[in-house]
Amino acid sequence: MTSLEKVYDPKPVEAKWAAAWRERRMFRAEPKGERKKRFVIVIPPPNVTGALHIGHALNNTLQDVLIRFHRLEGQPTCWVPGCDHGGIATQNVMEKQLKTEKKSRFDLGREAFLERMRAWTKECKSTILGQLARLGCALDWDRESFTMDEARARSVYAAFEHLWKKGLIYRGHRMVNWCVRCGTALSDAELEREDRKTKLWHIRYPGAPDPGAGADGSEGLIVATTRPETMLGDTAVAVHPDDSRYQGLIGKKLKLPLTPYEIPVVADAAVDSSFGTGAVKVTPAHDVNDFEIWQRHPEIGQRQVIGFDGRMTPEAGAAYAGLSREAARDKVVADLGEGLVKTEDHANAVQTCYRCGSLIEPMLAWQWFVKMESLAKAALAAHEAGRFKLSPESWSKPYSDWLLNIKDWCISRQIWWGHQIPVWYCLECHPDIATKPFQTIPDLKGVVSKTKPNHCPDCKSRKGDFIQDPDVLDTWFSSALWPFSVFGWPEKSADLDFFYPTSVLVTGYEILYLWVARMQMMGLELMGDVPFHTCVIHGIVRDKSGKKMSKSLGNVIDPLVMMDKYGTDAFRFSLVVQAHPGKDMPFAEESITGARNFGNKIWNSSRFVLMNLPDQAPEGGYRLSGLGRSKLELADRWILAEYEQAIEMARVRYAAYDVAAAADALYAFLWDKFCDWYVELAKLRLTGPDGEAKETVRAILVQVLLGTLKLLHPVMPFITEELYQALKGYGGEDAPWILGSPRPGGEGWKDEQAVARMTRVMEAVGALRALRAQLNVPPGLKLRVLTAGDGEGLRLVEEHQEYVKTLARLDAIDGAAGARPPHSATALAGGLSFYVPLEGVIDFAKERARLEKEAKDVVAQLERCRAQLSNQNFLSRAPKSEVDTIRQRQTDFEAKQNRIREILENLS
RNA sequence: GGGCCGUUAGCUCAGCGGUAGAGCGUCCGCCUUACACGCGGAAUGUCGUGGGUUCGAAUCCCUCACGGCCCACCA
């Protein structure tokens, strides 16, 4: 069989199997089999904002690897696909689109806007799911879910209702993070922090003309601020109660410059006397700390000077109303005149919107919140009890710290794209609400209902005049339900019973709090169990120089382009082999070529095996079970031992979510052991006359290759499927697909002795090859070699001289030479010397240099041995086996040193 | 201000208590009948600093330096 091309061409192969798997519904998961053994993953649903990027490629490849691995292990597996509606992010994309048409969402109106959103997201979904299929993802396509489809809307309503009834959801007037560009409140977890260079402005607030105030009082005091524009909304100045500088001022009034107001000086322990001037201007409506000071000093009141549109309100004074925050700042600073005492440079951390990057404005607003304390406690307890683990473990502390310091979760968003809050207000009770922004309306009484209620429990009106709360829920609210909403919760079903809780969640650390923690809390609250027992956290794919990839930096690598160029398997391998648990990964396109080369190596080694098989597979195929151990040569026992070890290693690593290590182990085995040594040695018998020996080699080649392909399949699904199909008949496999085939390994081929012996032979080959290369012996020239040395090694080489001859390109090995023949070079390996007569060819100067270098290495090694063995403590305290090892090493090196010395003396 | 993670060959990274490794790159030689996306060979490391534990430390502990990340209301 030689139909395989010389160079692997991934395109047709990938297309073929992707289609075949899909057609056969290969990855359909039924709630059947041993529940205990199930392995279930729900996809972190990508936002429907466009196409998948390389981070998605890594994330989904890792999941696919785990799913395929566990499937290979014979477990029932289920991987649920789906997308997230993406709330603000998606709405922003659409608003940008509208902008190019010179329209806003308000021009369209809510319903028309949502209609467009639905059309757009539908398109996006199919792009994304297509890309996942292209990546080879073993998803159960029949289970595709969307956070805003009907079933998930039922889950969202059920969750809201449950939390409401339990008193865990409330509408409150609180300080919230307001994005003036997106026009909505955000949760704390949705903020980014950024260090910015700014100024610290020192402003004098003069004393008010108070008859009781002394001379000092009229000077007032100086406050330091990074936000002068907010002074228009100041309602107090706070100082530390113990600050001696300001004792006389506490309780006195100050004139607030640029305004008609007088504000009091209050004492508050939250003030840090060492910062700035030790006096803080207090703007309760626009600063979280100041808000809290107001709570402690209610008499100071508050004044909102920045509106929800980011512009100054009339409250800020006629001169400033309507200005942007930035313009107001400039104007305030300019208007202060002599009141501005000093301006200094200052670095400070500002909060920005994670979706659009705008500066966040802390604002007082009416919003919906989830009470988090009890939910977080349950999640903490589950984590502490080991019911939920993070991998790598180092994320545990940040995770539990976050839960420990949790604040209530603001879940209402003033946007249109999302699940509208299922709360209705009676227009009889609240006649004027339709015309006002809801975040400004206090004390609303609402009815929680999926549909418009027909009577009001309060005023008993049966008119049915209700309007629904216009806000939508945080997109992460529906994502938090994902691990059970995808199985139809709150409906009871066989799916939900069988698949929940899921097994692992694979994600990047950037959404640990936004998503992972909230799923844990919601799962525990609504399902009574953790949604998954382990969260596998991977790093971020960065560019070559370690920078985050971003469109604006122009350093993005498009997964589709890479798959086109190098093949999906190569792309996947290159991602996975660098994905060391929890670590970010600098990724360069060049790294894919190595993976492509590996694919080609797999391809060609399989080609080689197939070329050496008869057209017709023997009855039952080539099996290892039929091989008598006595028929096996050293190389056979060695490769089987190495094979078993590699398989075991890969399996252990996969099971521990260390996919990189698994891939690495298989790569090293297949290339460095199987191809470089076994295949070369196999040629001896494959081209030889012994029919039985040939069959033995064939069986080993077929089985070792098949087994390795199986363990490689999770990482490189396409090429391994293709080769499995070509080989399975020869392997006596019945399974139609590689995923259903029996798991390899555990067949008892471990053989330390074979490994030790083969290692010695390999060392001999290595020494001879090095000698050839270093003395520039023409590659075509076959050599005749004489051996000398210790008995066991000599016997080994003699016994396996065919190995040494082919691999080192020798004509003949003549045993037991007495002395070194003249005009010969010497290769040293273990306790053996190989004399290579090279009359006329040999360059003695080169040979001398070569041996002298080797002698130098030996001296260094001997030095170490001697130092250790002359250390009494080492002899008495180190384990005996270790001491013996060093003794043996010393003996060996001494012998080698003597041999080199002898050769050098006689060299001519 | 807390916490976490790095610092190993020119580059990117494994190794994490017993003679320093891989890939890429570099150099030398090869179209050796599976593969030039290949084969053979070679060069290259005070394993960030300083201490400690140990018979023995790249590996464990502490100090510091540098880099990165996460969290935090310093106006």
Side-chain angles (χ1 to χ4, degrees), chain A residues 2 4 6-8 175 193 200 223-227 230 238 270-272 274-283 287-292 346 348-349 351 362 392 394-398 401-402 405 509-510 512-513 539-540 544 546 566 570 577-578 580 582-588 590-591 593-612 660-661 664 667-668 672 675-676 679-680 683 687 765-766 769-774 776-780 806-809 860-861 864-865 868 871-879 881-883 885-886 889 893:
Chain A
T2 49
L4 303 185
K6 211 168 165 181
V7 173
Y8 174 59
M175 218 50 195
R193 278 164 197 79
L200 193 60
V223 299
T225 180
T226 54
R227 300 205 56 194
T230 62
V271 177
D272 175 1
S274 66
F275 185 89
T277 60
V280 192
K281 58 190 272 318
V282 180
T283 323
D287 184 279
V288 179
N289 293 311
D290 296 359
F291 174 79
E292 283 168 9
H346 183 68
N348 102 352
Q351 300 189 312
S394 53
W395 281 102
S396 278
K397 197 174 155 48
D401 282 353
W402 188 79
N405 298 312
Y509 52 78
E510 69 273 17
L512 185 60
Y513 312 125
I540 291 170
K544 206 178 176 173
Y566 303 95
V577 81
Q578 298 179 79
H580 301 288
K583 295 200 178 167
D584 285 357
M585 146 192 348
F587 191 88
E590 301 89 78
S591 72
T593 60
R596 182 207 51 194
N597 295 352
F598 179 52
N600 199 237
K601 193 73 181 174
I602 300 171
W603 182 255
N604 274 292
S605 50
S606 303
R607 234 178 105 227
F608 171 81
V609 171
L610 288 163
M611 283 167 74
N612 284 286
D664 191 60
Y667 178 100
D672 303 341
C675 290
D676 286 354
V679 164
E680 291 308 317
K683 289 173 182 172
T687 56
V765 170
R769 282 171 168 175
L771 179 145
R772 290 189 73 114
Q774 285 158 23
N776 299 329
V777 177
T806 25
L807 295 171
R809 315 195 119 243
Q861 298 288 1
R864 288 170 82 128
C865 295
Q868 271 186 306
N871 181 342
Q872 274 312 315
N873 284 326
F874 174 70
L875 296 176
S876 59
R877 299 201 192 186
S881 61
E882 190 56 32
V883 177
T885 305
I886 304 293
R889 194 180 295 162
F893 278 123

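Within every chain, numbering begins at 1; the chains are lettered A, B, ... in the order of the sequence lines, protein sequences first and strands thereafter. Heavy atoms only: backbone and side chains are in, while hydrogens, waters and symmetry mates are out.
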Tell me which nucleotide among B:rG18, B:rC5, B:rC55 gets nearest to the side chain of A:Ser394.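 Selected nucleotide (nearest to the side chain): B:rC5.
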
Looking only at atom [atom1], what distance separates [N] and [M], rounded to whole Å?
N	M	atom1	value
B:rU53	B:rU63	C1'	15 Å
B:rG40	B:rC35	P	14 Å
B:rC16	B:rA20	P	15 Å
B:rU26	B:rC11	C1'	12 Å
B:rU46	B:rG21	P	15 Å
B:rC30	B:rA22	C1'	24 Å
B:rG2	B:rC73	P	16 Å
B:rG10	B:rC62	P	30 Å

Given atom [atom1] of [X] and atom [atom2] of [N], what is their separation to the nearest angstrom?
X	N	atom1	atom2	value
A:Arg877	B:rU54	CZ	C1'	9 Å
A:Leu771	B:rA42	CG	P	11 Å
A:Lys544	B:rG25	NZ	C1'	11 Å
A:Asp664	B:rA22	CG	P	11 Å
A:Lys583	B:rU12	NZ	P	14 Å
A:Phe874	B:rU19	CZ	C1'	12 Å
A:Arg864	B:rG18	CZ	P	13 Å
A:Gln578	B:rC24	CD	P	12 Å

For a quick check, with a 4.0 angstrom heavy-atom cut-off, what is the B/S/- contact string for nucleotides 66-75 of chain B, read 5' to 3'? ----SSSBBB

Per-nucleotide protein contact string for nucleotides 32-41 of chain B (B base, S sugar-phosphate only, - none; heavy atom under 4.0 Å): B-BBSBSSSS

Min side-chain heavy-atom separation A:Val577-A:Tyr667 under 4.5 Å: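 No, too far: nothing below the 4.5 Å cut-off.
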
Quick check: on RNA chain B, is the nucleotide nearest A:Gln868 upstream (toward 5') of the one nearest A:Asp672, or the reverse? Name the residue that is more 5'.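 Looking at RNA chain B, the more 5' nearest nucleotide goes with A:Gln868.
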
Which comes earlier along RNA chain B counting from the 5' end, the contact point of A:Asp401 or that of A:Phe893, where each point is its nearest nucleotide?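 Checking each residue's closest nucleotide, the 5'-ward one belongs to A:Asp401.
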
Return the minimal non-hydrogen interatomic distance between [X] and [Y], and the atom names on each side.
X	Y	value
A:Ala570	A:Ala595	O-CB, 3.2 Å
A:Glu680	A:Asp676	CG-O, 3.5 Å
A:Thr277	A:Val223	OG1-CA, 3.7 Å
A:Ala224	A:Gly276	CB-CA, 4.1 Å
A:Asn873	A:Asn871	N-OD1, 2.9 Å
A:Arg769	A:Ala808	CG-CA, 4.4 Å

Have A:Asn604 and A:Asn600 got a donor and an acceptor in their side chains that come within less than 3.5 Å?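 Looking only at side-chain atoms, A:Asn600 and A:Asn604 do form a donor-acceptor pair, the distance falling under 3.5 Å.
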
Given 3.5 Å as the limit, does a donor-acceptor pair link the side chain of [X] with the main chain of [Y], or not?
X	Y	value
A:Asp664	A:Ala660	no
A:Arg772	A:Arg809	yes
A:Thr687	A:Lys683	yes

Determine the interplanar angle of the A:Tyr8 and A:Trp603 rings, folded into 0 to 90°, and report it as parallel if under 30°, tilted if 30 to 60°, perpendicular if over 60°.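 Ring orientation of A:Tyr8 relative to A:Trp603: tilted.
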
Plane angle bin for A:Tyr509 and A:Trp395 - parallel if under 30°, tilted between 30 and 60°, otherwise perpendicular: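 Parallel: the ring planes of A:Trp395 and A:Tyr509 meet at under 30°.
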
So does A:Arg889 get a side-chain nitrogen or oxygen closer than 4.0 Å to the phosphate oxygens (OP1/OP2) of B:rU19?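 Yes, because at least one side-chain N or O of A:Arg889 sits under 4.0 Å from OP1 or OP2 of B:rU19.
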
May I ask you to say what A:Gln861 touches in the nucleic acid, namely base, sugar-phosphate or nothing, with a heavy-atom cut-off under 4.0 Å?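 Answer is base: heavy atoms of A:Gln861 come under 4.0 Å of a base.
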
Please classify the nucleic acid contact of A:Pro362 as base, sugar-phosphate, or nothing, using heavy-atom distances under 4.0 Å.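 No contact at all - A:Pro362 keeps every heavy atom at 4.0 Å or more from the nucleic acid.
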
Pairing string, 5' to 3', for RNA chain B - Watson-Crick or wobble contacts under 3.5 Å, brackets [ ] where pairs cross, | to another strand: ((((((((.[[[[.)..(..]]]].(((((.......))))).....[.[[[..)....]]].])))))))....

